[in-house]
Amino acid sequence: MTDTTRPPYAGTRYPKLAEVPAFTEFIARGWGAEPVPAPMVDGAAEAAASHRRRLSERLPGAVIVVAAGTARVRNDDCDYLFRADSDFVWLTGCQTEGAVLVMTPVPGGHDAQLYAPPPFRPGDTGFFANAAHGELWVGASPGLREWAEALQIGVEPLPALDDRKDLGGALAAGAVSEALVAEHGLEVSPQLGRNLSQLRMVKDAWEIAQMRLAIDATVAGFAETVREIPRAVEDGLGERWLQGTFDRHARTHGNGPGYATIVGSGAHAPVLHWVRCDGPIVPDAALLLDMGVEANSLYTADVTRTIPASGTFSPRQREVHDLVERAHRAGLAQIRPGTVYLDFHFAAMEVIAQGLHDWGLLPVSVDEALSPSGQFHRRYLACGIGHHLGLDVHDCSKAEYEDYMGAELEAGVVMTVEPGLYFHANDLTVPPELRGIGVRLEDDVLVTETGSEVLSAGLPIDAVGVEDWTKALLA
Ligand code: GLY
Ligand code: MN
């Protein structure tokens, strides 16, 4: 039962401050109101306008609804950090939670309208009572006018979306909520998702510049992380310390890590997505670092190096690294306009299969291993050799096989090349000296008009280069 002799506790669930007139009247006044500029990355609005034009040409006549999404609740009124949907960001340059883009066909193209939640300002109950969006809780936010100026499109308050009676059958994508779909009769559209993935495969000059920022920051983050190895070893701080070091760098020099940072020492290195990072840094083991900074525009890098924690590879680690390097170079050589996307994958796989055969690890010939009904080498390399990269680490994932794996590369594609070899500590098919060695080499590569450019070339790829680079940082 409510104890009416004691004052209300908080603004939301328990006896409500919002029901105390003296309080609401007092808290509504006496606040200065400086406009808050919309947080836009330079050039993002113009890039988004061009992306909308490209989508409009693909789907003339379709009403299109794409939503930014909302943060997932972690507990009570505490949410996970919000990260806007990538299709929405590609079309708007805006990262505001809860916003919805509606593109309506007009003669010659589409009209774009954003519906965004207005900030809870002084005088609104949410100002003091909404922990997710109240300015008293989360700080002042840009208003709709500031967003309209920054985005160069019309911006209406989100509740005005309820008044749109023309959205039945509209194609929907992004983080569109079930409630919005049901309320307006939207059609969550694989066709729209596929078109967006197809369009996002070819990056424009602004996007490539954003990816260079992300990749350069990542290269710097590798150096910062490697410099912390002695501390991680000597103070027993382990993989967690290196993961935290890179994540701090990513948050300082970008929006944050573009995916869960992988730091795998020794027997953890062969684990493809070792994000637990709760082990020690073993001083004489290989250390796999798979890390990417997501820029403030949300474009991300995805780079891997495997380094000797001591500065010098053991002979076996070196042999594995050399084979992965040969596969890497074979894959890179296939990246140019006109090759089919999967060519680089098969070129790298051939080198891996031949190398494993030479080491006596395959129970069949190289041809049998490589045949569709064999694939024995994949025991030691179960994942693919790369993927598209952009706003998402595994970018353009709504594309169909023929748009992606079977499509010809064209200038503007950015992709990773990332062969590896993964000999698990408990794999009894390999000699004991190979068990617990995992090596991956991953670069981010831009397809150019005449060939390709390795955007992450600031890091060495050969074993001697990796050793020299590591030693210089440990000195
Ligand atoms: N670097 C993470 C991945 O490609 O899966
Ligand atoms: Mn990758």
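Atoms within each ligand, like the ligands themselves, are counted from 1 in listed order.
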Taking everything shown except [X] itself, do over 12 heavy atoms lie less than 6.0 Å from its [atom1]?
X	atom1	value
Arg378	CZ	yes
Asp42	CG	no
Arg276	CZ	no

Q) Which residue holds the protein heavy atom closest to atom 3 (C) of ligand 1, what is that atom called, and what is the gap in Å? A)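 Looking only at protein heavy atoms, the one closest to atom 3 (C) of ligand 1 is His394 NE2, 3.1 Å.
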Q. What is the nearest protein non-hydrogen atom to atom 2 (C) of ligand 1, stated with its residue, atom name and distance?
A.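 Looking at atom 2 (C) of ligand 1, the protein heavy atom closest to it is Asp290 OD2, 3.6 Å.
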Q | Criterion side chain to side chain contact (heavy atoms under 4.5 Å, CB included) against Tyr341, the qualifying member of Met201, Glu408, Met405 | A |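 So the option named by the test is Met405.
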Q) Atoms of ligand 1 less than 4.0 Å from His387 heavy atoms? A)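 So the atoms of ligand 1 that pass are 4 (O).
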Q | Where ligand 1 meets His273 - atom numbers and elements under 4.0 angstrom, heavy-atom basis | A |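 Per the distance check, 3 (C), 5 (O).
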(Q) Between Tyr422 and Arg440, do the side chains contain a donor N or O and an acceptor N or O under 3.5 Å apart? (A)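 Yes, because at least one side-chain N or O of Arg440 sits under 3.5 Å from a partner of the opposite role on Tyr422.
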(Q) At a cut-off of 2.8 Å, what protein N/O/S atoms sit near the Mn ion (ligand 2)? (A)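 The answer, once waters are left aside, is Asp302 OD2, His387 NE2, Glu418 OE2, Glu442 OE2.
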Q) Aromatic rings Trp206 and Tyr299: how do their planes relate, parallel, tilted or perpendicular, breaks at 30° and 60°? A)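 Geometry flag for Tyr299 against Trp206: perpendicular rings.
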Q) Under 30°, 30 to 60°, or over 60°: which ring-plane class applies to Phe423 and Tyr380, parallel, tilted or perpendicular? A)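 Judged by the thresholds at 30° and 60°, the geometry between Phe423 and Tyr380 is tilted.
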Q. Regarding Arg72 and the six-membered ring of Tyr80, is the cationic atom NZ or CZ under 6.0 Å from the ring centre and inside 45° of its axis?
A.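 Judged by the rule (NZ or CZ under 6.0 Å from the ring centre, within 45° of its axis), Arg72 counts as positioned above Tyr80.
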